[in-house]
Structures are given as structure tokens and as C-alpha cells.
Protein chains: 2
Amino acid sequence: MTTDQSRPGLRDRKKRQTRAALSAAALRLVAERGLDQVTVEEISEAADVSARTFFNYFPSKDEALLGDQPTDREVLAARIVAAPPELSAFDALRLAFGDVVEAVEADREVWLLRLRVIAANPSLLPRLISGNAETEQVIVAAVAARLGLDPCHGHPTLVTTVAGAVFRTALMQWVERPDTTTLRELTAEAFAAVAAGLPDPS
Amino acid sequence: MTTDQSRPGLRDRKKRQTRAALSAAALRLVAERGLDQVTVEEISEAADVSARTFFNYFPSKDEALLGDQPTDREVLAARIVAAPPELSAFDALRLAFGDVVEAVEADREVWLLRLRVIAANPSLLPRLISGNAETEQVIVAAVAARLGLDPCHGHPTLVTTVAGAVFRTALMQWVERPDTTTLRELTAEAFAAVAAGLPDPS
DNA sequence: AGCGATCTTGCAGGGACTGCAAACTTTTAG
DNA sequence: CTAAAAGTTTGCAGTCCCTGCAAGATCGCT
């Protein structure tokens, strides 16, 4: 378990660095040339590790671009169960995604690059936020726990997938005009539209 | 363009057969053994064609399992623009997906097998209905046309991705208990829940 | 310093997928 | 009916993704 109370330790720090270097190299190269014009070998070379090491960090080339940190899931799930109990499950998700928005805005440039890469390589799009089986399962479980419902009941799944779709849409809209609006606004609008039953805009 | 008013012609018939044989073989084998325990070579052999021919029909192993017919897209888009004008865009989609439900129920056994395969191999899930870039673009365009809106406006995209997520969850719920309920019911319930703003179930 | 735990790397190999060019088959035109 | 045209199937060669394994390097602790 390494050190518990001391600082991260050299080993962990190096791993973080390597992971970040691989992810950054992947984003940069794919942004420049396109997904299938970049090989794992080139990414690894740019990050100064062997190609084999790349696969110690990411199970596939795509994952290095999506940056779905396993810790994010747990944090998100925790916020969902911790949301004020008077909120509906959908509102709890709305709130939780607000925190995700903050995280994205804290890494604005990286996320804009990532979203540009995803927009330019649509095969990556389905795996952004929604459609990620692992993440979705965790969130569904959190929602079901919050509602005291069986996870096999349909409602938690429905709320989760819809919220994911909403946030994904907000992200893709944001990347198109990141300077004339904020992700926060777009997300709030999209969630509000769904909460209102998706009426046509007046 | 082949023959216009006569019957399909031998050539087209054979292509349909081969495509169907490949798709059926893929579904059967993957249902039996799992996605990564089946090779394209085995699928092709079961369909009596060469492995190279497989890739003349499907760009990837996955596509043979998902069966996203290009014609379906156009039909769906046409229904959306043709829906009664007093309906909201979301209700137009609700109606259009009703037709999809019929198509699925007409091929009940194949679709149940397909959905079982998808449930057992979650990497396929994101590409079911929603998240398919091609299909989504067509539907977004239809919705935008219906509303007389710029396709870059966010609303058509939002409505489309949400409706896709709704239908996808209905499908995945249906496959869990296909005998105690109908896809029609599940889809109607899910769309109704979203139209009501996704309140918690009482 | 030395031992155990962890990380990196090379190597070998399976399998997805593509481009190309040679058969082969259906369609069409004469 | 026949021959050219158009479209399809196939094998082959090759690239790249990804994995298991075992050896070597590095880190953390005593």
C-alpha cells in the first residue's frame, strides 16, 4: 500500500507523470493528424516510454484520449447519494454534474482539446460520459441507492442515461463556441429543458 | 442502378442473402461464445464466404451484430418530418420511435438475440441507437428541419440524444423480461416519464 | 547494502482491418 | 447467343492494435 500518511512518494508521482505524458501526447498528436494517422508507438515515443508500457496505463488507444479517471466515478457517485434528500433523483444528478462542470472548467484547455479531438473523430463520441458501461453502472447504483429502489427497476437507469445524454450534448455544444458561452450555462439550460419535459423553444 | 421496375435481380438478392447469413452467423456464434471468443474467420466460414468478403459487407466485426441498416435511418427521418405539425419535436420523435418499436417486434427473435448479445458484451452498448454518429446526424437534421431551426442550434441535438437514450434504456429493460411486458409499453412509459420532467416514481 | 515489491521493456503471436490484383459471375448490349 | 462491361469474391501481403510472458531495472523499507 506504500506510504499512508506521508506524501505520494516518488513511485506514484512518476506514474502520474507518465500517465499524464501519454495522455497529453496522444491528445496533441491526434489533434494534429487524426485518430488513425497516429500509432500507439508514436504516442509512446513522444512520451518517452515503450509501446508496451502504453498498454500498462491504458487498455486501448482510445482510453488515453478520453481520460476517464476511475476516481471521478466514485466522487460523482458519492455526490449523488449525498445530495439533499428533498431533491428528485434527476435533480440530484443535475447537481452532481454541476461539480463535473467545475472540474472541466478547471482544466479548460485540456478539455477543449479533448472535445475537439472527439468532435473530429466521431468514433470516440459514444464513449464520452454516457455509454461508458463502467461509469454508468456506478451511477445507476448510486441513484438506485438514493431512491431505495432495486437497481433492476427501470427508473434509475433511465434517469442516468438521460442525464448522461444531456451532459454530453452540452459538452459538444460548448466546444463549438467556447468563447460566447460557458459550459455551466449550457448544462443548466439543457437540464432545465429536460426538467420541463422538452417543449419546443418558443 | 440495375433494374428499376422489375424484381430485385439475382445479384441484389444474393447480396441480401450473404449479408443476412453473415449477420445471423455472427449473432449466433457471439451469443454462444462471447464477442472476443469468435473470430471474423469463423463467422465467415459459418456463412460460407471468405474472411475478406466479410469486410466487403461490414466495416468491423461489431457492425455485423448491430445491424444498423442505412435504410432505417431515412425512414425514421421521413416519419419525423411527416409527423403532425401540432406535435412538439419530442413528441414527433416519440411517434417515430413507435414505428421502430413495430419493426423490432416484427423481428422479435432476432432482436432479442441481438439485445442479449449486446447486454452480454457491453462494449457494443454505446453504439446501439444513440451514439451512432451517422444515424444521429440524420435525425438531428430532420428535427431541425421540422422546427425550422438552424441545425447548429442546440435543441434538435438535445431532443435527439435524449430520445435515443430513452429508447436505448427501453430496449435494455425489455431484454431482461421480454415475456412479462412489451417493448411498446416500456417505450411509452419511458417517453412519458421524460415528458413529465423525470419525476421520482411515487 | 540488500531484499521484496513494483514497473518497464522486448519479444512472440493472434487477430482486426485495408489495398491490390486476379479470378469469377451477373448484367447488358450487340 | 455472345461478348464486353460492370460488379463481386477471394487470396495475399502488410500494418496496427493488443496480450501474455519473462527478464531486467527501479523504488521503498529495514
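Numbers restart at 1 for each chain; the letters A, B, ... are given by sequence-line order, proteins then strands.
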Considering only heavy side-chain atoms of A/K61, the closest of C/dT25, D/dC18, C/dT9 is D/dC18

Nearest whole Å is fine: how far is D/dG7 P from B/R13 CZ?
19 Å

Any idea which of D/dT8, D/dT9, C/dC7 is nearest the A/R11 side chain?
C/dC7

Under 4.0 angstrom between A/S50 side-chain N/O and C/dT9 OP1 or OP2:
yes

Within the structure shown, what part of the strands sits under 4.0 Å from B/D36 by heavy-atom distance: base, sugar-phosphate, or nothing?
nothing

Atom pair distance, as rounded to whole Å: CG in A/D62 and P in D/dC16:
16 Å

May I have the distance from B/F54 (atom CZ) to D/dT8 (atom C1'), rounded to whole angstrom?
17 Å

Tell me: CD of A/Q37 to C1' of D/dC17, nearest whole Å?
15 Å

Please give, in whole Å, the distance from C/dA16 P to B/N56 CG?
16 Å

So does B/K14 get a side-chain nitrogen or oxygen closer than 4.0 Å to the phosphate oxygens (OP1/OP2) of D/dT8?
no

So which nucleotide from D/dC18, D/dC27, D/dT9 ends up closest to the side chain of A/S60?
D/dC18

Side-chain N or O of B/T39 versus OP1/OP2 of C/dG15: is the shortest distance under 4.0 Å?
no

Give the intermediate values and the outcome of side chain to side chain contact (heavy atoms under 4.5 Å, CB included) for residues B/L113 and B/R108.
CA-CA 9 Å; B/L113 182 56; B/R108 194 173 196 272; over 6 Å; no

Separation of D/dA6 atom P from B/D12 atom CG, nearest Å, is 17 Å

Report the distance from atom CG of A/L35 to atom P of C/dA16, rounded to the nearest whole Å.
19 Å

Roughly how far, to the nearest 0.5 Å, is the CD1 atom of B/I118 from the CZ atom of B/R168?
10.5 Å

Basic-acidic side-chain contact under 4.0 Å: B/K15, B/D12
no

Ring centroid separation A/F167 to A/F191 under 6.0 Å
no

Quick one: which of D/dT10, D/dC16, D/dT9 gets closest to the side chain of B/T18?
D/dT9

In whole angstrom, what separates B/E42's CD from C/dG15's P?
8 Å

Between A/V40 and A/R52, who's closer to the 5' end of DNA chain D by nearest nucleotide?
A/V40

Touch class at under 4.0 angstrom, heavy-atom based, for B/Y57 against every strand present
sugar-phosphate

Nearest-nucleotide pick for B/F55, side chain only, options being C/dA16, C/dT27, C/dT9:
C/dA16

Give the ring-plane orientation class for A/H153 versus A/H155, where under 30° counts as parallel, over 60° as perpendicular and anything between as tilted.
perpendicular

